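Residue numbering restarts at 1 for every chain, and letters A, B, ... go by the order of the sequence lines. Remember, it's a predicted structure, so these values are computed and weren't measured experimentally.
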Number of protein chains: 2
Amino acid sequence: MQQIKILGSGKYLPARIVTSAEIDRKIGVAEGWSEKKSGVKHRRFVENETASYMGKMAILDALEDAGLNCNDIDCIIGASGSMEQPIPCNAALIQEELGLEDSGIPCFDVNSTCLSFVVGLDMAAYLIEGGRYRNIVLVSSEISSIGLNWEQNESSALFGDGAAAFIIGKSKPEESSRIITSRLETYSKGAHLSEIRGGGSKYHPREHSEQTKGEFLFDMDGQAIFKMTSKLIEGFIHRLFETCNLRMKDMRMVIPHQASKVAMNLVRKRLGIDEGRFMTIIENHGNVIAASIPLALHEAIKQNRIQRGDTVMLLGTSAGLSIGGMIFEY
Amino acid sequence: MQQIKILGSGKYLPARIVTSAEIDRKIGVAEGWSEKKSGVKHRRFVENETASYMGKMAILDALEDAGLNCNDIDCIIGASGSMEQPIPCNAALIQEELGLEDSGIPCFDVNSTCLSFVVGLDMAAYLIEGGRYRNIVLVSSEISSIGLNWEQNESSALFGDGAAAFIIGKSKPEESSRIITSRLETYSKGAHLSEIRGGGSKYHPREHSEQTKGEFLFDMDGQAIFKMTSKLIEGFIHRLFETCNLRMKDMRMVIPHQASKVAMNLVRKRLGIDEGRFMTIIENHGNVIAASIPLALHEAIKQNRIQRGDTVMLLGTSAGLSIGGMIFEY
């Protein structure tokens, strides 16, 4: 349990709106197929925006929300599943974009694909509680559109681009905001159910060709992931609650990873969460990789669906295959 | 200050030894140039080894050293500057390689290029001290050889492949092993002094061509990095010591990032560290990115140059540009 508080949050979405009808045409399916399959009406794709630019915009939004400025920040954690460059880390490129290139503010990335924000928040909480940092920026900025395989209809219909940022600090003594519990489990039996095989040391970009191009694009077996997750999720939730003596009915809101609408609904029903307490933004964002959970949390806060004092659960799966969850008092 | 102990360490080097004479021939310079420039006599390059295989071998070595087995581990942190695949994270692929695919052991990566191990250790200390995990594996496994630009003689002469792993746990009440202080500073003014621009969302591998191939390879301006580091290092060391009331003479050993022999010597002299207390493994390892510091620390321990109770400093720079340091009692 850490006495940690969300001081502010922000988001940035690229200007270009891409409708499901546009995706239908692009992948050559009947009109309506993409929306029906994924639950996504429209999402954003970058045109000229870079991931570091989107990250900057989300951070500036979050700082304004927190009533803070860049000088109040003493750590930037990049928490994305995609990278802008293999070297250096996303956080350093975002620091540069923020014009803080002489600041010395420590920058590093945490990566657990779609769960990067949850893992980053888990870590940030211990760093702040332990006195290592005062105010940490956590930023997830994702460009999924560049890595999609347009021959795989399921993921083509699903993903979007965007960024979210949170400022995390210590609660004041009179405040009850805190992290209650956090849990991550990785089952690499599912390591190859969603992956990009090429681009690192396994296949260098020089091996890209007409024959190998699929290796460098996102490759997902949604059915198999859902099957594996279904088997694991109830045990995971049991273990998560075990550590804190809470139950699902104590959660004011559950903020799930926006994996896909069908999968989210099935998980929601299986865990007995009514719709009003289950945050869904997939309709107008798509699955924005690691930015999905912070974008949904940001929206829940801005829409007043979460108030100070409420108990909130973050819950998601990621490539790995990992399941992650966190319970906190907002 | 965290009551944290190194329980064991291990390493793995690829079988193939590459001499500086071989590099000289490859890049077309006079015999002896590479060794003189970089201080590297020989280094290893992978043939069939993957990064996850090397990571596994280093972990098994570290577990044996610690007298532990895989069941004692409750977290795997990948702390490399290079990745095997863009998705999923290195740690999950290493978990799979270890045959722990049903274990649920949490896996994620921390990335600060060459300082990834130091940042990972810093984080692991807070996670263990805070009770989040019991025994954490930190593993740095690097394949630099695949991303070198053989038209850049300086980096061609410098880098090597390899892996190192450490098992970190809580000190017993009667033990004095602890992290004394830790510091990271990032100055993105130097973000483009060492980078790989292509392979992420900035330039997708599909943009790889004869004309663009340089974008997908490591690009380093060693001179400019050294100049920038020289300006920052003394202030950094001052700030690091400020937090713990220690001085350089209190350090039994300094374990530097094996950036390059010339740069290491200049920094060593400027900071007034005598040669016997400054660990150098660059002659037979090269610069192994984030694995450099843990490989050097492992060697210092195995060569009995560090004993329990000794005060040790880790110190290095990384792309970003970041400077990082940690002082601990072994």
- Query: Between CE of B:Met83 and CG of A:Asn111, what distance do you get to the nearest 0.5 Å?
  - Reply: 9.5 Å
- Message: Please classify the contact between A:Thr113 and chain B as side chain, backbone, both or neither, with a heavy-atom cut-off of under 4.5 Å.
- Response: side chain
- Query: Tell me, side chain or backbone of A:Val110 under 4.5 Å from chain B's heavy atoms, or both, or neither?
  - Reply: both
- Item | Sequence neighbours excluded, every pair satisfying salt bridge (charged side-chain N to carboxylate O under 4.0 Å, His left out) that has a member inside residues 82-99 of chain A | A:Lys56-A:Glu97
- When only pairs under 4.5 Å are counted, which of B:Leu184, B:Leu321, B:Ile196 shares the most heavy-atom pairs with chain A? B:Ile196
- Note on the structure: Output for pair (B:Ser145 OG, A:His204 NE2), nearest 0.5 Å, gives 10.0 Å
- Value for CD (A:Gln2) from CZ (B:Arg132), rounded to nearest 0.5 Å, stands at 8.5 Å
- Query: Hey, which of B:Glu195, B:Glu185, B:Met1 has the most heavy atom pairs under 4.5 Å with chain A?
  - Reply: B:Glu195
- Task: Heavy-atom pairs under 4.5 Å with chain B are the metric here; pick the option from A:Gly147, A:Pro106, A:Gly130 that has the most.
- Result: A:Pro106
- Is it the backbone or the side chain of A:Leu100 that comes under 4.5 Å from a heavy atom of chain B, or both, or neither? backbone
- Is it the backbone or the side chain of A:Ser182 that comes under 4.5 Å from a heavy atom of chain B, or both, or neither? both
- If you round to the nearest 0.5 Å, how far is CZ of B:Arg206 from CZ of A:Phe216? 11.5 Å
- Query: Does any heavy atom of chain A fall under 4.5 Å from the side chain of B:Ile105, the backbone, both, or neither of them?
  - Reply: backbone
- Note on the structure: Note: B:Pro88 and A:Ser194 closest approach over all heavy atoms is CD-O, 4.4 Å
- All heavy atoms of B:Leu127 vs all of A:Met123, minimum pair found to be CD1-SD, 4.0 Å
- Enter the distance from B:Ser188:OG to A:Ile94:CD1 here, rounded to the nearest 0.5 Å. 10.5 Å
- Which atom of A:Gln95 lies closest to which atom of B:Thr186, heavy atoms considered: NE2-O, 2.9 Å
- Non-hydrogen side-chain atoms of A:Glu129 and B:Glu129 separated by less than 4.5 Å: no
- Note on the structure: Max heavy-atom pairs within cutoff under 4.5 Å with chain A, candidates B:Ser116, B:Gly104, B:Ala319, goes to B:Gly104
- Task: Could you tell me which non-hydrogen atom of A:Gly200 sits nearest to which non-hydrogen atom of B:Pro86, and how far apart they are?
- Result: N-CD, 4.0 Å
- Do you know which two heavy atoms are closest between A:Ser112 and B:Cys107, and how far apart they sit? OG-O, 4.0 Å
- Note on the structure: Of the listed B:Thr181, B:Asp102, B:Leu98, the one with the largest count of heavy-atom pairs under 4.5 Å with chain A is B:Asp102
- Item | Residue pair B:Lys202 / A:Thr50, side-chain heavy-atom distance below 4.5 Å | no
- Query: Which one of B:Glu215, B:His192, B:Arg183, B:Lys213 has the most heavy-atom pairs closer than 4.5 Å to chain A?
  - Reply: B:His192
- Note on the structure: Rounded to the nearest 0.5 Å, the OG atom of B:Ser209 sits from the NE2 atom of A:His208 at a distance of 11.5 Å
- Message: Tell me the closest heavy-atom pair linking A:Gln85 and B:Arg197, and the distance in Å.
- Response: CG-O, 3.7 Å
- Query: Between A:Asp122, A:Leu115, A:Val46, which shows the greatest number of heavy-atom pairs under 4.5 Å with chain B?
  - Reply: A:Asp122
- Message: Using heavy-atom distances under 4.5 Å, tell me whether A:Phe218 contacts chain B through its side chain, its backbone, both, or neither.
- Response: side chain
